[in-house]
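Structure record follows, encoded as structure tokens.
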Amino acid sequence: MTGVVAAEEQAREAAALVCRLVEAAVFASSEPVSEQVLVELLLGQKLLGPDAGPLDAVSAVRDALASLAQACGDRGIRLVEVAGGWQFRTAPDLAPMLTKVLQRPRRLSRVAMETLAIVAYHQPCTRTDIETIRGVSLSQQTLDALLESGLIVPKGRKEVPGRPTLWGTSQAFLKHFGLRDLRELPRREELLVEVPVLDDGTANDPRSVEALPADALPG
Amino acid sequence: MTGVVAAEEQAREAAALVCRLVEAAVFASSEPVSEQVLVELLLGQKLLGPDAGPLDAVSAVRDALASLAQACGDRGIRLVEVAGGWQFRTAPDLAPMLTKVLQRPRRLSRVAMETLAIVAYHQPCTRTDIETIRGVSLSQQTLDALLESGLIVPKGRKEVPGRPTLWGTSQAFLKHFGLRDLRELPRREELLVEVPVLDDGTANDPRSVEALPADALPG
Amino acid sequence: MLRLDGFEGPLDLLLEMARGQKVDLARISVLSLVEQYLAAVAEARRVRLELAADWLVMAAWLTWLKSRLLLPADPQTEEEGEEASDLLQARLLELARVGAAASWLSARPLLGQDVFARGAPEDLREIDRSGLSVDLAQLLSGYMTACRRAVRKRAYHPRAERFWTVADALERLSRLLGEIPPGWQSLDQFLPQDAERPEGRPGHQKRAALAGTLLAGLEMARTGRLELRQDWEFGPILLRRSDEVMRLEAAE
């Protein structure tokens, strides 16, 4: 009788050690830990006594994982099975509280900034106008990025064959650049010796009131 | 009476949530998490009710940490206070088994360890200070090994001819050796208690090395 | 024979020898320590002539110390000897402390050796890139860069001279059609005035105006609005309205 009790006691202790070892191994591994690795660990360490075979190790590992998963029940972490093994993860209900949102404002690419500047100074202007001034073709990606940022908006169509869209700056443009209206932009003559002129000979100076989008007017 | 019971129930629930959140926050991080960060987390999430102030949050965090540390008692991981924060770490007795599945970096050489001990106790100190105490020149290799491990860091320069770099221990030093802060190092007077003392035991010269003229001896 | 190879320099050897005395480091016999060291160094030199300077410098200093400790009592040398002994003891103690501190550190549960932190930390940061980081300086420099690049790229073209075009002439002739007096008129009469023509070299402009007007006249003749005639080569070009013919016929 005493022998049986002692053997039971020993088995309980072994199970507890297996449980601790599995917990520590899963905790400290950088990758999900497979049952296979844990089984090999138990067998290598001979934690289950000299007679234990692979099947004993497998069931010991499964028992340990089940009891760990259960122990996590009401705690802040979960034992989850992910691709290829087991891993601890933050409890899903807590993750949003722990998530820190970092503001990393985007910058515009150099090309996008140049394009935006040309639109600002030559609006309303077509894609071809922009390409003429920059001397290179404008990628759809750049135009999309500007559109997505809401800094430029369509301002009707030019009445020439193909009726291309005319682009101008938006209200958001003024806000982002801290301008009350477009007339607050420095005059082109202050910036440049040679002011680019569009093919049709119009300079589209946004500082002339006619060319100003209505919402840019002080009011 | 029911109101009191309900309030107590609510407080218990809040404490449980705080405990889970603190556990998850410390668990998710690879670095020690300071109490300050945890307090800010609780205040930010308003988990303690609208009237709770910073002091309530501090005591809630401390309660949660204490209860978590206790809950780890016989588990495979421990909650330890280290380098100004709290961190979960595997239980030390499992190390020999864990290293079968985890990679272990190389241990520091005896010379590197002694050099590190000198930097720890005499910081900030120069290479010459280290050489004087050890009575032998310090190889670049040893210094490189310590620098590479991130255990020592430059702490400015000494204003003497040649302006040699002053070295001190880093946060990584505290983390590596599981120290809360430098005050956890044994006091100098306690270090030699283990040295065999055969006669009356009035041992341990309390003179400090600072009192030593460094150049009075060859070295 | 004591080998020096295993020691990290003279002080390390001295500390080991002092420990061999099995007393508190503060109570070692400095004299016997010195004699032990000098004997070891002498032995090492007998076996191997070259010995690092550290060892020899220490040996020389210890020889001096020994002389101070052995000389017959003289207050000054005695004091020197005591001071030097104290210094040696203090340094050995400090080195012993360093060793003890190193052992203490080594005995700690070392991270990555004895204890392990979370292997797969969760990054619960979320990066919000919806904002936009732009300023006016970027905008203006972008504009200037684009324009300057465009100017650099554009090859030099001398300004093209504008001439009185066929279209100009056509417009002018059509306008004047109703005012053409009856009968053949010289084409020269319908050339634009100097002031009406584009600026440029007058000779070129005049010839261009003549050519343009002739072509316009031919065009109008083709559509039946004018008649043109030239009686001899290089003679004057004459024109008259087509409806004048009908008018004359009607009158006949």
Side-chain angles (χ1 to χ4, degrees), chain A residues 24-33 77 82 87-90 94-108 110-122 130 132-136 149-151 172-173 176-179 184-186 188 190-196, chain C residues 106-168 171 196-200 208:
Chain A
V26 173
F27 168 82
S29 291
S30 55
E31 302 290 323
V33 182
I77 53 173
V82 293
Q87 201 166 41
F88 285 111
R89 290 271 176 85
T90 306
L94 299 175
M97 296 190 213
L98 293 172
T99 303
K100 231 185 238 160
V101 178
L102 302 175
Q103 303 285 346
R104 290 271 162 76
R106 276 173 306 134
R107 299 171 69 88
L108 285 181
R110 194 177 52 79
V111 177
M113 189 58 92
E114 286 183 11
T115 305
L116 179 63
I118 291 167
V119 172
Y121 273 102
H122 297 270
I130 297 166
T132 304
I133 292 173
R134 287 195 65 237
V136 287
S149 68
L151 294 171
F173 168 84
H176 271 298
F177 288 94
L179 300 168
E184 269 192 52
L185 283 173
R188 286 195 298 235
E190 294 172 294
L191 297 175
L192 296 160
V193 179
E194 192 173 338
V195 177
Chain C
S106 299
R108 300 282 306 165
L110 302 185
L111 186 64
Q113 295 285 345
D114 308 308
V115 294
F116 300 89
R118 179 97 187 263
E122 291 164 84
D123 187 359
L124 293 168
R125 284 168 307 172
E126 207 170 77
I127 292 179
D128 179 1
R129 297 189 67 81
S130 63
L132 204 55
S133 163
V134 290
D135 60 39
L136 202 53
Q138 292 171 345
L139 183 81
L140 300 181
S141 93
Y143 185 64
M144 287 155 77
T145 310
C147 293
R148 287 208 188 105
R149 191 184 322 107
V151 166
R152 262 203 316 281
K153 266 191 162 174
R154 219 175 287 145
Y156 171 72
H157 294 297
R159 184 185 285 215
E161 205 169 331
R162 233 175 78 68
F163 293 107
W164 188 253
T165 63
V166 178
D168 294 337
E171 192 266 334
E196 285 177 86
R197 291 196 309 246
E199 280 174 31

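Keep in mind the model is a prediction, meaning the values are calculated, not measured. Labels below follow one simple rule: chain letters A, B, ... track the order of the sequence lines, proteins then strands, and each chain is numbered from 1.
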Are side-chain heavy atoms of Y121(A) and L140(C) found at a separation under 4.5 Å?
yes
Testing the basics here: between A117(C) and F27(A), what is the closest heavy-atom pair and its distance to 0.1 Å?
C-CE2, 3.4 Å
For G142(C) and A117(A) the tightest heavy-atom approach is C-CB, 4.3 Å
Atom group of R110(A) that falls short of 4.5 Å from chain C, counting heavy atoms:
side chain
Hey, does L151(A) have a side-chain heavy atom less than 4.5 Å from the side chain of L132(C)?
yes
What's the spacing between R134(A) CZ and T145(C) OG1 if we round to 0.5 Å?
10.0 Å
Using 30° and 60° as the class limits, which term best fits the ring planes of Y143(C) and H122(A): parallel, tilted or perpendicular?
tilted
Evaluate the side-chain proximity of L139(C) to M113(A): yes if any heavy-atom separation is below 4.5 Å, no if none is.
yes
Could you pull out the closest heavy-atom pair between R107(A) and Q138(C), with the gap in Å?
NH2-NE2, 2.9 Å
Does any backbone or side-chain atom of S29(A) lie under 4.5 Å from a heavy atom of chain C? Answer side chain, backbone, both or neither.
backbone
Where F177(A) and D135(C) come nearest, the two heavy atoms and their spacing:
CE2-O, 3.2 Å
Just checking R106(A): does its CZ atom have more than 12 heavy atoms from other residues, nucleotides or ligands closer to it than 6.0 angstrom?
yes
